[in-house]
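Beneath this line is the structure, given in structure tokens, with notes to follow.
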Number of protein chains: 2
Amino acid sequence: MKRDEAEISSSAVTENSGTGTLGKALAVLETVVTSDKPLRFSDILAVSGQPRGTLHRQLAHLVEEGLLTQGRDLCYEPGLRLLKFAYRSWSRNQFRAVAAPHLRRLHEETGETVHLGVLRGTEIIYVDKVESRQTVRMESQIGNASPVYCTGLGKAALSVLPPDRLAETLGKLTFHRFTANTHLSTASLKRDLDEARLRGYAFDREEHETEIRCVAAPIHDAGFGLVAGISVTGPAYRVTMEQLEIWAHAVRQAAMAISEDVEIRMGPGR
Amino acid sequence: MKRDEAEISSSAVTENSGTGTLGKALAVLETVVTSDKPLRFSDILAVSGQPRGTLHRQLAHLVEEGLLTQGRDLCYEPGLRLLKFAYRSWSRNQFRAVAAPHLRRLHEETGETVHLGVLRGTEIIYVDKVESRQTVRMESQIGNASPVYCTGLGKAALSVLPPDRLAETLGKLTFHRFTANTHLSTASLKRDLDEARLRGYAFDREEHETEIRCVAAPIHDAGFGLVAGISVTGPAYRVTMEQLEIWAHAVRQAAMAISEDVEIRMGPGR
DNA sequence: ATCGTCGTTCCATTATGTGGAACTACCTCT
DNA sequence: AGAGGTAGTTCCACATAATGGAACGACGAT
């Protein structure tokens with residue numbers, strides 16, 4: 001049995017101890033892929049904290065496997081194979097398929113953008129989206145990851161986490177000020193979560209982006225023991241806090257409907 | 001030195017020997033992700049050819065890393081982390097960004113669906129797409145992979161491959177009859193490629209899907225030493241072979257324009 | 001010409017993954 | 001119920017494959 005592994009929440013780098021080689025390779029891959037600009041060998045070296053030789057071989061392997069590409073300028077970039085994996089993982093996502101009609105309905109009711117996101121570690125990963133203006137290409141949000149502490153979806157998801165998992169997650173957070181309203185401490189975040197838990201839904205009061213507000217409701221067991229959420233998002237000039245309060249009910253309804261459908265379609269229990 | 005390994009182009013070139021652990025893990029991941037239905041442990045065991053213990057640990061690692069998920073029915077499915085990787089790899093794809101305006105222009109000229117694809121092994125991976133009806137969500141084609149031998153893009157890409165790489169690729173092919181027109185031997189495929197090479201563009205004469213035709217032109221060095229292609233695709237009732245011939249010029253133009261832009265924007269020469 | 005930086009290669013050491021076999025849980029058949 | 005299967009999981013001696021320090025080669029700046 002994994003003994004104290006679950007215990008360690010705050011300190012330690014974690015992440016790589018359990019999965020050995022694979023974990024380290026993926027850590028490297030992730031730094032390259034999630035970086036905003038192309039990285040050179042040394043850039044990665046500085047972050048990874050691994051010896052030169054080791055890192056070099058890891059990168060070589062990643063390139064050989066098609067997960068990374070190396071251009072003529074020696075910069076590493078995400079490779080094509082990732083795309084292939086991605087397409088499959090999205091199109092075959094059961095949860096998304098089950099939730100889709102509810103997203104659409106919620107969009108029709110509100111007229112604003114609807115998001116479906118899943119909690120993963122300290123991030124919310126956007127799994128689906130319905131938008132008024134159908135510019136919904138992959139470049140939208142799908143697959144994108146945002147911090148939990150400054151998004152409606154993130155806070156909704158956190159609000160239904162069992163205390164131990166919540167504590168663990170909170171411990172791993174590092175705050176970054178996106179706007180004037182962004183939570184910057186676990187203390188203030190916790191208060192917000194308590195409110196959200198009572199209400200059954202969470203707000204984003206321009207905490208991630210100015211002029212963007214959102215109301216989100218948690219989806220408890222989204223199959224596979226995942227915690228997810230659904231949200232309605234809109235520009236502040238059009239979407240007041242009062243408006244969000246009004247929509248909150250519908251959002252909660254949708255979230256519960258999805259939970260039920262998941263229960264039915266993906267088998268009970270667990 | 002590995003003597004005859006390099007010689008044998010047709011069978012088993014690398015794939016798993018070079019990248020050690022990582023390669024094996026990815027092979028497992030790929031079988032799960034590219035499968036059309038959820039796989040159980042034994043299903044994977046049968047395909048992977050690895051001993052039970054080994055495979056079990058590999059899967060455990062993949063799950064722990066979030067690349068796979070295991071449902072209550074013990075079926076393995078693509079995990080969320082893949083989505084995250086995917087989003088980044090697509091949105092940061094230089095080549096796609098450079099080509100995008102040309103795709104759009106070609107679409108305006110023809111009114112039909114335009115695809116951008118990159119050659120990877122024996123597959124074409126769709127990197128971008130412009131469609132009339134803007135239902136272009138990720139579920140479209142992006143990230144999807146199709147065999148080279150039955151797609152316009154595939155044949156266009158093959159037609160500009162240097163002889164050795166072409167031979168290598170052809171050797172790795174296994175044919176599958178998609179329609180009555182699908183190439184089923186390297187011989188007939190080669191003849192087709194020879195014609196395509198002379199013309200500068202390739203056709204798909206309902207070889208992958210009945211009632212779907214396409215004309216495609218190769219893009220030689222799409223940065224990173226990649227070989228790619230651009231194509232116009234449409235339903236047979238609307239798009240005759242004569243029509244394709246007419247569009248062929250525009251498609252070639254677009255392909256060459258992209259090549260040039262890549263040259264400029266991504267630095268010269270390799 | 002000299003130093004410093006950056007990417008790449010090498011190789012003895014050892015941590016890590018390997019895989020055969022044993023174990024458990026859960027079905028199905030009689 | 002009991003016997004026989006099948007499918008998933010765990011264990012551990014062994015060997016492979018990753019490690020990382022150090023040396024090398026290639027540029028570019030001083």
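Chain identifiers are assigned alphabetically (A, B, ...) following the order of the sequence lines, protein sequences preceding nucleic acid strands; residue numbering begins at 1 within each chain.
Summarising the geometry, atom CD1 belonging to A/I219 is positioned 5.5 Å from atom OG belonging to A/S259; distances are rounded to the nearest 0.5 Å.
Taking atom CG of residue A/L59 and atom C1' of nucleotide C/dT9, one finds them 15 Å apart after rounding to whole Å. One interatomic measurement links the two molecules: CD of B/E65 to C1' of C/dG17, which rounds to 15 Å at whole-angstrom precision. What separates CG of A/L22 from P of D/dA17 is a distance of 16 Å, to the nearest Å. In this structure, the CD atom of B/Q50 is 11 Å from the P atom of D/dA17, given to the nearest Å.
A side-chain donor-acceptor contact under 3.5 Å links B/R81 to the backbone of B/E65. Looking at A/T34, its side chain does come within 3.5 Å of a backbone N or O of A/E30 through a donor-acceptor pair.
In terms of heavy atoms, A/A100 sits closest to A/D128 at CB-OD2, 4.5 Å.
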For every nucleotide of nucleotides 7-13 of chain D, 5' to 3': is a protein heavy atom under 4.0 Å from its base (B), only from its sugar-phosphate (S), or from neither (-)?
SBBB---
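In terms of phosphate contacts, A/Q58 brings a side-chain nitrogen or oxygen within less than 4.0 Å of OP1 or OP2 of D/dT19. Taking only side-chain nitrogens and oxygens, B/T21 comes nearer than 4.0 Å to OP1 or OP2 of D/dA18.
The ring pair (Phe, Tyr, Trp, His ring centres under 6.0 Å) check on B/Y76 picks up nothing, with sequence neighbours excluded. With sequence neighbours excluded, no residue forms a salt bridge (charged side-chain N to carboxylate O under 4.0 Å, His left out) with A/R57.
Side-chain atoms of A/H61 lie closest to D/dA18 of the nucleotides D/dT19, D/dA18, C/dT18.
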